[in-house]
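Read the structure below first, then the notes.
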Amino acid sequence: MKIHQLKAFVAVADSHSFNEAARLLSVSQPAVAKAIRELENWADRQLVIRSSRGTQLTPDGVSLLRRARGILDQVARAEHEFAGSGPHEHVSLGLTTLVSAAVAPTLVDFKERNPDTAWTVLGGSRRLLFEKLYNHTLDLVIATLPGTPEEMGTGFRCEPLLRLPTVLTVAKGDPLEKAQSLADLTQAEWLHAESEQSFDHHFRGAFAEAGVHRLPPFTRCESPFVMLALAARPNTVTMWTGLASHAMKPQLKVPGENITGLALKEKLPDITVCAVYRPDLIMTPAIQRLLGQVRRLKDMDMLDLGPDAAVLSVG
């Protein structure tokens with residue numbers, strides 16, 4: 001397996017065409033075909049199917065594609081880090097939506113304290129970020145603890161960092177502002193940043209305590225900025241971590257000041273924020289400093305997991 005073969009393979013997978021892959025790579029079409037053939041010889045199986053309808057990957061090709069993207073990303077990062085005066089620290093970080101809203105000020109502070117550390121920050125769903133973690137595109141993901149093992153995936157370590165309270169907000173002046181129980185919110189439109197399984201896992205017990213055994217439908221929104229804007233709409237209930245709505249106010253001042261938290265009689269479960277990473281991750285000084293700053297969020301009157309919080313291995 002060689003780097004130029006992987007580049008040709010990814011280009012063919014993305015463009016569904018040998019000719020277009022050759023154009024993208026500034027090489028000849030026969031050179032692309034030779035690279036794919038050599039890669040298939042190395043793998044001892046067919047990776048690409050060519051037909052009149054275009055080029056498609058076989059199941060083995062799809063499996064290799066995930067690895068190939070990760071390898072090429074690592075090569076690009078190494079080339080960048082060793083260019084010029086020499087290697088520099090780099091952190092490649094994934095943030096789920098609820099976490100990104102809560103830790104945004106911490107990341108700004110980290111960047112100011114570590115100006116020579118290069119970093120990449122990606123947002124999105126757990127599924128998307130865990131896939132990028134699996135194929136080595138990301139070093140680690142900071143996420144809320146998944147409600148089910150299926151959402152976590154396999155082959156990762158999960159280190160609890162801190163717990164944050166669940167906060168529900170509504171628009172200021174909305175009749176929902178007078179709600180005292182989850183039972184008063186069943187006809188509202190709910191906004192949630194994560195999956196249906198997470199919503200069910202997080203709220204089922206609290207709704208049962210309120211005498212409600214059918215959870216309300218919700219709209220899933222993975223953009224914290226859009227979520228904050230939608231949260232100011234009438235008859236809308238939005239779930240945040242304890243820090244999120246406060247952290248976002250400087251970013252979108254008007255919408256942020258138009259929402260208010262609810263004080264309900266039911267005890268809402270806390271949200272556990274975790275660092276998820278591969279067992280082979282090298283904890284560089286930059287990664288250790290970043291995790292240290294996130295852990296210090298618990299000093300802001302949040303809930304401390306304590307020094308004995310376990311590191312979980314999944315798979």
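Cluster membership for L290 and V108, using ILVMFWY side-chain heavy atoms within less than 4.5 angstrom, is not shared. Residue L24 is not grouped with residue V32 when hydrophobic side chains (ILVMFWY) are merged at heavy-atom distances under 4.5 angstrom, including chains of intermediate members. I49 and F9 fall into different hydrophobic clusters, where Ile, Leu, Val, Met, Phe, Trp and Tyr side chains are chained together by heavy-atom contacts under 4.5 Å.
Between F110 and W119, the ring planes lie tilted relative to each other; the angle falls in the 30° to 60° range. Relative ring orientation between F207 and F203 is described as perpendicular, the plane-to-plane angle rising above 60° on a 0-90° scale split at 30° and 60°.
Two residues are said to be in side-chain contact when any heavy atoms from C-beta on lie closer than 4.5 Å; L47 and L57 fail this criterion. Side-chain contact check for H202 versus I271: some heavy-atom pair is nearer than 4.5 Å. Contact check for D60 versus Q46: no side-chain heavy atoms found under the 4.5 Å cut-off. Counting heavy atoms from C-beta outward, H4 and K34 have side chains that stay 4.5 Å or more apart. For the pair Y277 and I287, the minimum side-chain heavy-atom distance is 4.5 Å or more.
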Checking side-chain contact (heavy atoms from CB on, under 4.5 Å) for the pair V237/F218: CA distance, chi angles, key distance, verdict? CA-CA 9 Å; V237 179; F218 71 93; over 6 Å; no

Before you tell me yes or no, could you show the steps for Y134 and R67 under side-chain contact (heavy atoms from CB on, under 4.5 Å), namely the whole-Å CA-CA distance, both residues' side-chain angles and the distance that decides it to 0.1 Å? CA-CA 8 Å; Y134 176 80; R67 297 287 191 180; 3.1 Å; yes

Take T260 and V170, measure what side-chain contact (heavy atoms from CB on, under 4.5 Å) needs, and give me the verdict at the end. CA-CA 6 Å; T260 186; V170 297; 4.1 Å; yes

Go through M239 and T166 one step at a time and tell me if the side-chain contact (heavy atoms from CB on, under 4.5 Å) criterion holds. CA-CA 7 Å; M239 172 188 164; T166 295; 4.1 Å; yes

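Between the side chain of K111 and the main chain of T117, a donor-acceptor pair closer than 3.5 Å is present. The main-chain N or O of S92 is found under 3.5 Å from a side-chain atom of D139 such that the two form a donor-acceptor pair. In terms of modelled atom types and a separation under 3.5 Å, the side chain of R127 and the main chain of S125 share no donor-acceptor contact. A distance-only check finds no donor-acceptor pair linking the side chain of Q293 to the backbone of L107 [under 3.5 Å].
When the options L164, L145, T96 are evaluated for a side-chain contact (heavy atoms from CB on, under 4.5 Å) with V273, the one that passes is L164. Among the candidates V99, L133, L95, the single residue satisfying the side-chain contact (heavy atoms from CB on, under 4.5 Å) test with V141 is L133.
Residues A193 and R220 share a closest heavy-atom pair of O-NE, 3.9 Å. The shortest heavy-atom contact between T272 and P160 is CG2-CB, 4.2 Å. Counting all heavy atoms, side chain and backbone alike, G123 lies closest to L128 at O-CD2, 4.4 Å. Shortest non-hydrogen contact noted between R126 and E194 is NH2-OE1, 2.7 Å. Between S181 and L264, the closest heavy-atom pair is N-CD2, 3.7 Å. What you find for P216 and W190 is that their closest heavy atoms are CG-NE1, 3.5 Å.
The environment of CD in Q180 is sparse: at most 12 heavy-atom neighbours from other residues, nucleotides or ligands sit within 6.0 Å. Environment of CD in E177: crowded, with over 12 heavy atoms of neighbouring residues, nucleotides or ligands closer than 6.0 Å. Counting heavy atoms of neighbouring residues, nucleotides and ligands inside a 6.0 Å radius, atom CD of Q187 does not exceed 12 of them.
Atom OG1 in T236 sits 8.0 Å away from atom CG in L176 (nearest 0.5 Å). Atom CG in L64 sits 6.5 Å away from atom CG in L6 (nearest 0.5 Å). Atom CH2 of residue W240 and atom CE of residue M227 lie 5.0 Å apart, to the nearest 0.5 angstrom. Here the CG atom belonging to L138 is positioned 11.0 Å from the CG atom belonging to L281, to the nearest 0.5 angstrom. To the nearest 0.5 Å, the span separating CG on L93 from CG on L129 amounts to 9.0 Å. Note that CG of D109 is 9.0 Å distant from CG of N114, once rounded to the nearest 0.5 Å.
Ion pairing between a basic and an acidic side chain is recognised when a charged N comes within 4.0 Å of a carboxylate O; K265 and D184 show no such pairing. Between E189 and R233 a salt bridge is recorded (basic side-chain N to carboxylate O distance below 4.0 Å).
Remark: N235 engages no residue in a side-chain hydrogen bond (donor to acceptor under 3.5 Å, both in side chains) (not counting sequence neighbours). Looking at residues two or more places apart in sequence or on another chain, you find no salt bridge (Lys or Arg N to Asp or Glu O under 4.0 Å) involving D44.
Residue pairs meeting the salt bridge (Lys or Arg N to Asp or Glu O under 4.0 Å) criterion with at least one member in residues 16-30, sequence neighbours excluded: E20-R23.
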